Every structure is written in structure tokens, then in C-alpha cells.
Protein chains: 2
Amino acid sequence: MDTQGLKAVAPLIAAIEASASIAQLGEALAHATREMGFDSYALTHHVDMRRMRWQAIRLHDYPLDWADYYDRHGFGVRDPIHRASHLTTVGFAWPRLGELLPLSEEDEIFLERARSEGIGTGFTVPAHIPGEAHGSVSFVNAVGKPLPHAALPLAQLVGTYAFEQARRLWRLREPPHRAGNDNAARTVPRLTPRERECLVLVARGKSNWEIGRILGISDQTAALHVRNACRRYHVHKRSFLAIRALFDGSLSFIEILRP
Amino acid sequence: MDTQGLKAVAPLIAAIEASASIAQLGEALAHATREMGFDSYALTHHVDMRRMRWQAIRLHDYPLDWADYYDRHGFGVRDPIHRASHLTTVGFAWPRLGELLPLSEEDEIFLERARSEGIGTGFTVPAHIPGEAHGSVSFVNAVGKPLPHAALPLAQLVGTYAFEQARRLWRLREPPHRAGNDNAARTVPRLTPRERECLVLVARGKSNWEIGRILGISDQTAALHVRNACRRYHVHKRSFLAIRALFDGSLSFIEILRP
DNA sequence: CTGACCATACCGCTTTTGCGGTATGGTCAG
DNA sequence: CTGACCATACCGCAAAAGCGGTATGGTCAG
């Protein structure tokens with residue numbers, strides 16, 4: 001087939017992947033943004049920047065006033081655009097926001113405030129990595145300027161590659177970790193089937209007695225399975241056990257939250 | 001700019017988004033797969049299919065023998081391709097697998113086994129949604145047939161849109177939930193700053209006494225904050241509290257795992 | 001300035017956890 | 001068939017968690 005059709009995207013992505021510094025990535029992303037027919041971009045982790053200067057990814061060319069207001073009110077975790085991006089793997093156009101989320105009054109006020117700062121409409125590409133803060137890349141147009149609909153798949157690609165490059169560059173800023181500790185964190189322990197069943201129930205907040213009831217075993221046997229699971233994960237508390245198992249993917253939310 | 005360049009992708013994506021049944025999606029995806037120069041595809045949740053028939057997404061045209069072997073051994077959660085896809089937002093070509101992950105001996109055996117079943121090389125697009133099972137879409141070629149490098153960005157797009165469409169179609173299969181329960185689950189409680197700090201420490205498996213020490217308050221005050229956080233989330237156990245906060249995004253792994 | 005909300009601290013009580021053991025029967029690979 | 005591993009069950013004990021109170025001082029919006 002005509003894979004040449006993608007020629008137009010290739011140089012944009014190449015520039016993003018070639019960027020060797022955060023500043024260069026910003027330039028490449030800004031260039032791609034204009035090329036696609038947008039006014040500005042924001043590549044960011046969805047965190048409260050007041051608490052999370054350390055490590056959190058953020059790169060944008062939004063109005064500084066707006067960014068300031070945004071951070072002071074901790075919108076990183078409340079922004080309805082961000083919340084909506086947690087519900088989809090593909091990017092979404094902002095006019096369809098309501099289809100993804102019920103918008104609260106607070107959300108409406110927030111969006112109105114954004115418009116008054118010149119943030120009109122946009123397209124947001126989610127970027128999630130298990131165990132990392134949620135993130136997204138938004139491409140935005142001024143009030144009154146419509147979305148470049150033909151370019152949205154392109155924005156999807158550019159956004160995804162840009163976020164990945166941002167992760168690479170941010171990782172370079174980090175101090176290298178102690179290998180020992182790191183290895184301990186990276187090894188995924190193997191649980192026995194029974195231990196895994198108990199683990200799921202622990203994650204649901206069940207007591208050993210309840211687990212025993214559910215699995216049809218003694219509460220002390222259940223406790224032993226939980227203990228063994230803890231031992232394999234080198235943790236001493238069931239709350240942390242559940243977190244660790246979720247983190248390394250041996251447990252998923254659908255198992256926990258759908259009884 | 002020449003957004004016409006994306007013309008080649010548009011019909012493939014349109015077909016995927018227009019598919020009204022899982023079977024139709026399979027056809028559209030198979031067609032796109034061939035068009036891009038691949039032999040087969042696999043769109044799947046990374047779960048143990050032995051335990052997770054219910055709800056888990058899976059759609060593929062791999063050899064049935066292989067799929068059978070795969071499921072019987074519970075590779076959904078161990079497959080190194082899947083594990084690697086948890087470390088990136090953009091797709092990766094399988095020859096670069098080693099750059100993402102250290103491969104264990106078990107992994108090598110697994111990959112060798114795959115090759116013996118005709119699974120040569122491929123390109124895998126991750127698809128993660130906070131709170132859902134991890135997933136991915138792989139495009140695969142037979143042993144000896146090289147990857148169509150020019151088509152990889154295209155595969156990135158097709159994979160992402162296909163996974164999203166699969167989510168939509170699978171959602172239709174689900175029985176509609178009770179509105180009441182659902183609302184309770186969807187409301188994100190607002191915690192006070194102190195409660196949030198305690199919550200993070202709970203997720204790290206700290207005891208109330210330790211939390212008190214860390215925050216410089218009494219252990220009983222820490223306990224009270226934890227209790228209040230539990231109250232807001234309508235949960236009775238701290239292990240579940242941490243999970244729920246992670247699930248709704250008020251907590252992220254980087255906060256928990258980076259002290 | 002008043003009421004709402006928060007952070008702080010303490011008490012007492014019951015239940016649950018976490019940790020140390022031991023022991024029996026089953027399965028499965030070497 | 002033997003040893004490794006698992007699931008099962010039990011005991012005991014110290015620590016922690018969960019739940020019910022009450023109380024004081026601070027902040028901030030209406």
C-alpha cells in the first residue's frame with residue numbers, strides 16, 4: 001500500500017525523536033503544532049505541581065498566567081480534560097468531552113475560565129504508563145478557531161511520540177538509582193494460585209476471616225497465604241502488598257473492582 | 001501543511017471505527033494488517049485467560065495451537081512482549097525488546113517457542129487505561145519476513161484506534177450497571193491536604209505510628225486522618241483505601257514508590 | 001463575628017494483622 | 001520413590017487497625 005502517504009508525518013516525528021534536550025523537544029513540538037494547524041500545545045503529567053515539582057513532566061506554550069492559575073489551584077488532577085483522557089486510549093476532540101464525562105458545575109467554571117484566557121478548543125492525546133503518573137498531550141486553538149479535523153490522526157501520532165521522548169529526556173535528568181534496590185523492585189515474584197486469590201481479596205479490603213469464608217478455607221490458612229505473598233514481595237503490610245502487585249501488573253483493577 | 005498525506009490511513013481507521021461487532025472489527029483489523037504489510041495481529045488484554053474469560057478483551061488471528069499453548073501456561077501476564085509494552089507509550093519493534101527489558105531465560109524459551117509456531121517478528125502498540133487491565137495490539141510477521149518499517153507509524157495509529165474500538169464493542173456486551181452503585185464508585189472524594197499525605201503513606205504500607213513520626217504528629221492524629229480518608233471513600237480497610245485512590249487517579253504510583 | 005471546616009490530641013475497646021512456630025496430605029518432576 | 005512445593009489447619013502473642021467518643025485552637029468565607 002501507499003505507505004508514502006505518511007511522508008508528511010515522518011519529519012515531524014523524526015525531529016521529536018532527535019531532540020536531545022527538553023528545550024529542543026519544545027521547539028520540535030511547537031513546530032509540529034503549527035504545522036498541524038494548532039496554536040499551542042501542553043505536554044504534561046496529571047499531577048498537582050505544587051507537590052510534585054520533582055520528576056513531574058511538563059512542557060507547554062500556554063499563556064503563563066493561565067499556567068500559574070492552573071497550578072495554584074491544583075488543577076493537574078482535577079482538570080476535566082485530564083480526567084477524560086483517563087477514559088480512552090485514543091485522543092479526543094474537546095467538543096466531545098461531555099460524551100466521556102459528566103461535567104460538574106466546577107468543571108464548567110473551569111472550562112469557562114480557560115476560554116477567558118484564550119484556550120478555545122483542542123485535541124488531547126492520553127499517555128499512560130502503568131505505575132507512572134498519568135499524562136497527556138493537548139493541542140489547542142484560540143477561541144473561535146476551529147479544530148483542524150483532518151490533522152487529528154496526525155496529532156495523535158505526534159502527541160504519542162512527543163510524550164515518549166519527554167519521558168526519555170526526563171529520565172536523563174534523574175539521578176541513576178542504586179542497582180540493588182532497583183533489582184528488588186523490578187523482579188516480579190511468582191505467587192501460587194491460592195496466594196493470588198488471597199491477594200485479590202486483600203486488595204478488595206477483605207479481612208483474613210472474610211477471605212477464608214469466600215475461599216472456603218480457614219481464616220488462618222488465608223492469613224498464611226497472605227503472609228506468604230507478603231514474603232515473596234518483601235513487604236510487611238497488606239496495603240503495600242496490593243499496591244506492589246498492581247504496580248508490577250500481576251494484579252489489575254478489573255480483577256479487584258468487579259466482584 | 002499536507003494533511004492529505006494521511007489519506008492512506010483514513011479508510012483503515014474509518015473501517016475500524018465503523019465496525020459494529022467484534023467480528024467486523026476483526027475483519028477491519030485483518031484487512032489493515034495485510035495492507036500495512038503484516039501477516040497477523042493480536043489485540044488483547046494482558047490477563048490470565050484461564051481466570052479471566054469474563055470481560056477480558058481478545059481478538060486475534062494467530063495460529064490456534066499457539067493461542068492454546070499460550071493460555072494454558074498463563075502467558076498473558078508473563079509474556080515479555082506484554083511486559084515491555086508496559087514501559088512505553090509508543091509501539092516498539094520486537095527486535096528492540098532487549099532495550100526495554102532484561103530478558104530472562106524463561107523469556108528466551110518463550111520467544112523461541114513462538115518462533116517455532118511461526119511467530120517471527122512484530123510491532124506492538126501498548127494500550128493502557130488507568131484502572132483497566134493492560135492491553136496491547138501486536139502486528140506480526142512470519143519468521144524470515146522483515147518488519148515493514150515505513151508502515152510502523154501507521155501501525156501505531158491503527159493499533160490505537162482498534163483497541164479503542166474493541167473497548168467500545170466489549171462495553172456493549174456488558175450488562176448495564178446499577179446507577180446507584182456506579183455513582184458511588186465514580187464520585188471522587190475530596191481529601192484534605194493532611195488526609196492526602198496520610199493516604200500516600202498508607203499506600204506505602206506505613207503504620208499509623210510511622211505516619212505520625214514522618215509527619216511530625218501523634219500516631220492517633222495520623223490514625224484519625226486515615227479514618228477520615230476511609231470515611232470519605234466509604235471503605236473500611238486501608239488496603240482498599242489505597243487501591244481506590246489509585247484507581248480514581250487521586251494517587252499515582254510515582255508518589256507512592258518514590259520516597 | 002459566626003459557623004464550617006480543618007488539624008491537632010487523647011481515651012477505651014474490640015478486632016485484625018503480622019510473625020513465629022508445627023504438622024498432614026497431595027501432586028508432580030527428576 | 002524421593003524431595004520440592006503446595007494447600008490445608010492449628011497455636012500463641014505482640015502490635016496495629018478500626019470505631020466510638022470528646023476537646024481545643026486556627027483559618028477562612030459568608
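Quick note: numbers below take in every heavy atom, side chains included, and nothing from hydrogens, waters or symmetry partners. Here is how names work: the chains are called A, B, and so on, in the same order as the sequence lines, proteins then strands, and each is numbered from 1. The structure presented is a predicted model; accordingly, all values stated were derived computationally and were not measured.
Taking side-chain N and O atoms only, B:Thr192 has a distance below 4.0 Å to OP1 or OP2 of C:dA7. A sub-4.0 Å separation between OP1 or OP2 of D:dA17 and a side-chain N or O of B:Asn208 is present. Residue B:Arg232 places at least one side-chain N or O under 4.0 Å from the OP1 or OP2 atom of C:dC6. Applying the 4.0 Å criterion to OP1 and OP2 of D:dC6, one finds that A:Arg194 has every side-chain N and O outside that range. Contact annotation: A:Ser218 side-chain N/O to D:dC10 OP1/OP2 distance is under 4.0 Å.
With respect to the salt-bridge test (charged N to carboxylate O, under 4.0 angstrom), the residues A:Glu210 and A:Arg213 do not qualify. B:Glu195 and B:Arg232 are joined by a salt bridge, as a carboxylate oxygen and a charged side-chain nitrogen come within less than 4.0 angstrom of each other. A salt bridge links B:Glu112 with B:Arg115: the distance from a Lys NZ or Arg NE/NH1/NH2 to an Asp or Glu carboxylate oxygen falls below 4.0 Å.
With a cut-off of 3.5 Å on both pairing distances, the Watson-Crick or G-U wobble partner of C:dT2 is D:dA29. In this structure, C:dA9 forms a base pair with D:dT22, meeting either the Watson-Crick or the G-U wobble geometry with both donor-acceptor distances under 3.5 Å. Here D:dA15 sits opposite C:dT16 as a Watson-Crick or G-U wobble pair (both hydrogen-bonding atom distances under 3.5 Å).
Distance from the side chain of B:Ile217 is smallest to C:dT8 among C:dT17, D:dA17, C:dT8.
Panel note: side chain B:Arg167, backbone A:Leu87; a donor-acceptor pair is recorded below 3.5 Å. For the pair B:Ser239 (side chain) and A:Val202 (backbone), a donor-acceptor distance under 3.5 Å is present. Of the possible donor and acceptor atoms, one in the side chain of B:Asp61 sits under 3.5 Å from a partner among the backbone N and O of B:Tyr41.
Between the C1' atom of C:dT17 and the NE2 atom of B:His236 lies a distance of 18 Å, rounded to the nearest Å. Atom CZ of B:Arg231 and atom C1' of D:dG18 are 14 Å apart (whole Å). Atom pair B:Leu201:CG and D:dA16:C1' shows a separation of 16 Å (rounding to whole Å applied). For the pair A:Leu191 CG and D:dA7 C1', the interatomic distance rounds to 15 Å; values are reported in whole Å. Atom CD in A:Gln220 sits about 11 Å away from atom C1' in D:dT8, given to the nearest Å. Computed from coordinates, the B:Lys237 NZ to D:dA17 C1' distance equals 8 Å when rounded to whole Å. At whole-Å resolution of the value, CG in A:Asn228 and P in C:dG20 are 12 Å apart. Atom CD1 in A:Ile211 sits about 14 Å away from atom C1' in C:dG18, given to the nearest Å.
In this structure, B:His225 reaches the bases: a heavy-atom distance under 4.0 Å links it to at least one base atom across the strands shown. Among the atoms of the strands shown, base atoms are found under 4.0 Å from some heavy atom of B:Thr221.
Each of A:Leu224 and A:Gly205 was assigned the nucleotide of DNA chain C with the nearest heavy atom; the assignment lying further toward the 5' end belongs to A:Gly205.
A donor-acceptor contact under 3.5 Å is formed by the side chain of B:Arg227 with the base of D:dG20.
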